[in-house]
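Keep in mind the model is a prediction, meaning the values are calculated, not measured. Every chain is numbered from 1 and lettered A, B, ... according to where its sequence line falls, protein lines coming before strand lines.
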Amino acid sequence: MCIGVPGQLLEIDGWKAMVEVGGARRETNVMLISDAAPGDWVLIHAGYAISKVDEAEALETLGYLREITEGLGAELAGDTAPEIA
Amino acid sequence: MTIAKGIDLGTLDDLVEGFRDPAAARVITAEIAVLGASLEAKGIEPRLMEVCGSHTVAIFRSGIRDLLPSNVKLISGPGCPVCVTSVAEVDRAIAIANTPGTILTTFGDMMRVPGTSTSLEKEKAEGADVRVVYSPLDALNLAAEKQATGGDERIVFFAAGFETTAPTVAAAILQAADMGLSNFYIQSTHKTIPSAMRGLLDTPELGLSGFICPGHVSAIIGARAYDFIADEFKVPAVVSGFEPLDILMSVKMLLAQIDEGRAEVETEYGRIVSDEGNPRAIEVLDQVFRVSDAEWRGIGTLPNTGLVLRSEYERFDAPLAFDVRVEPGRDNPACECGEILRGLKAPTDCKLFAGVCTPENPQGACMVSTEGSCAAYYKYGRDES
Ligand code: SF4
């Protein structure tokens, strides 16, 4: 029930905002975040943006994940593929 | 109105898909195996609890339990808000829904939660006006529409949820006050997570070695809210996201801490969770709600784990506005939800599991919500013990 989805703010009009989530436009409410601006990535839960996505952190973690699949780790892993959905 | 410029839509795929890469999962699983072996050599069998029900579902769906070394156990905790809503509160919502001139709104999962003798879904079939909403805003908009068109129904939102959801309900209350609505009420069964975790740490028979902390509760309250776990109880905690790689990385971080004899609060989910959380959401939450004791289904009353409306917003309080009386609620006595929610038993330990109690005919709340431990075991892992 605490599930949230990331989306990107397109337009803001007071507390109401349009956000793009997975290619679809949705209305959301930005009353719970400060300094929201179009272009910002936010986490949406129950019709409200509840947090901003820290893009620098996201890119850093993604960079780390890419690194480990290219480096030594890949050898360590061998070739047994776990089933992840 | 402002229009966004230079939107980079490619990033969204990375934000989700980037955390599902099977190659990275293989590497992290291998690292976890190494840590598992090191701990086994020291005779350590870590018991890690995922507190949040959304983590429970993600763990089952992605088959993560099967990827872990046999000495590492994942235990599901009490973080399914529907599951911990007390029978008495469900009975109260049903009584409110049956008051003439009332429209009771709630999240879909609440519909089938058994009260003492019936559920909201059954009462709806009998004619009560009960409606499923996706956001407290839907309930607010319904109230605004009724008030504008002279409808005299009272709109009640039966609110369950932790710190993730409670600020959205607080925001709806502030908006209702702003709009001058006199027909909008909430029944708050909101609960807070850190104090409940303290209760779990005070249960020595659980023997917890680490916590996977809820990602979206933490987006609001911040990672520092868990400092007491490391400082007072010397138990490691990692705030985790919900994709398979998030959970694997969090398990790895916890095992590394245990292996190195550290107990710290770390954040794997830095793209969403900061140390301080979301100050604006906390402000709205504090403006509308105050902390109280709360009854957790199957567990009992836990001090300082509930959120009730402050006196300034009492006029929105459904239990005050509706003069309904409910007896102390009664659960099916054979239901083991309470022990399961505290991680003391697994769903398969319950005699009713998968026989008398199924998602179609739930006997306890843990079987109702898709995030309940019993429902997750039923769907994904029936042969586990
Ligand atoms: S299987 Fe059903 S009756 Fe047993 S603990 Fe779970 S919800 Fe309760």
Side-chain angles (χ1 to χ4, degrees), chain A residues 1-15 20-23 27-29 31-35 37-41 43 45-48 50-62 64-66 68-74 76-85, chain B residues 1-7 9 11-12 14-16 18-31 52-54 61-63 67 80-82 107 109 134-138 161-162 164-165 167-168 171 214 216-217 219-220 242 244-245 270-272 274 278-281 284 369 371:
Chain A
M1 199 167 134
C2 292
I3 277 298
V5 289
Q8 192 170 32
L9 289 172
L10 301 176
E11 300 162 10
I12 301 173
D13 184 7
W15 285 338
E20 173 150 343
V21 179
E27 198 178 299
T28 193
N29 183 302
M31 186 178 170
L32 293 173
I33 50 174
S34 349
D35 313 321
D40 285 349
W41 289 88
L43 185 81
H45 169 78
Y48 287 82
I50 60 161
S51 174
K52 282 200 204 169
V53 177
D54 185 329
E55 277 190 62
E57 281 277 351
L59 291 172
E60 195 184 315
T61 318
L62 286 165
Y64 165 77
L65 290 172
R66 245 163 244 155
I68 61 168
T69 53
E70 285 159 9
L72 254 183
L76 188 69
D79 47 17
T80 39
E83 292 293 311
I84 69 160
Chain B
M1 186 182 291
T2 34
I3 306 283
K5 289 196 193 80
I7 298 163
L9 294 171
T11 325
L12 179 64
D14 278 350
L15 271 181
V16 179
F19 292 89
R20 295 180 182 172
D21 175 12
R26 276 198 290 279
V27 177
I28 303 166
T29 305
E31 291 171 339
C52 170
S54 302
R61 189 182 287 145
S62 54
L67 303 180
C80 158
V82 173
F107 293 132
D109 271 1
Y134 297 97
S135 164
L137 281 175
D138 298 337
F162 299 126
T164 321
T165 313
T168 70
H216 294 155
V217 162
I220 305 293
F242 296 90
L245 293 185
R271 62 192 190 277
I272 296 291
S274 64
N278 176 347
R280 171 72 188 138
V284 169
S369 164
E371 295 187 350

#### Entry: T69(A), L65(A), I68(A) screened by side-chain contact (heavy atoms from CB on, under 4.5 Å) with D21(B), the one that passes
T69(A)
### Message
Please classify the contact of P81(B) with chain A as side chain, backbone, both or neither, using a heavy-atom distance under 4.5 Å.
### Response
side chain
#### Entry: Interchain contact, I272(B) with chain A, by part (heavy-atom threshold 4.5 Å)
both
### Task
Working to the nearest 0.5 Å, report the span between NE2 of H216(B) and CG of L43(A).
4.5 Å
### Task
Answer with side chain, backbone, both or neither: which region of N278(B) has an atom nearer than 4.5 Å to a non-hydrogen atom of chain A?
side chain
### Message
As an exercise: rank S54(B), A281(B), C52(B) by heavy-atom pairs under 4.5 Å with chain A and give me the winner.
### Response
S54(B)
#### Entry: Pairs of heavy atoms under 4.5 Å with chain B: top-ranked of D54(A), L32(A), D40(A)
L32(A)
### Query
Of the non-hydrogen atoms in I3(A) and E371(B), which two are nearest, and what is the gap between them?
CG1-OE2, 4.3 Å
### Task
Flag the one option from C80(B), P167(B), A219(B) with the top tally of heavy-atom pairs under 4.5 Å to chain A.
P167(B)
### Query
Minimum heavy-atom separation for R280(B) to S34(A), with atom names?
CB-OG, 3.5 Å
## Note on the structure
In terms of heavy-atom pairs under 4.5 Å with chain B, the winner among A56(A), A58(A), A46(A) is A46(A)
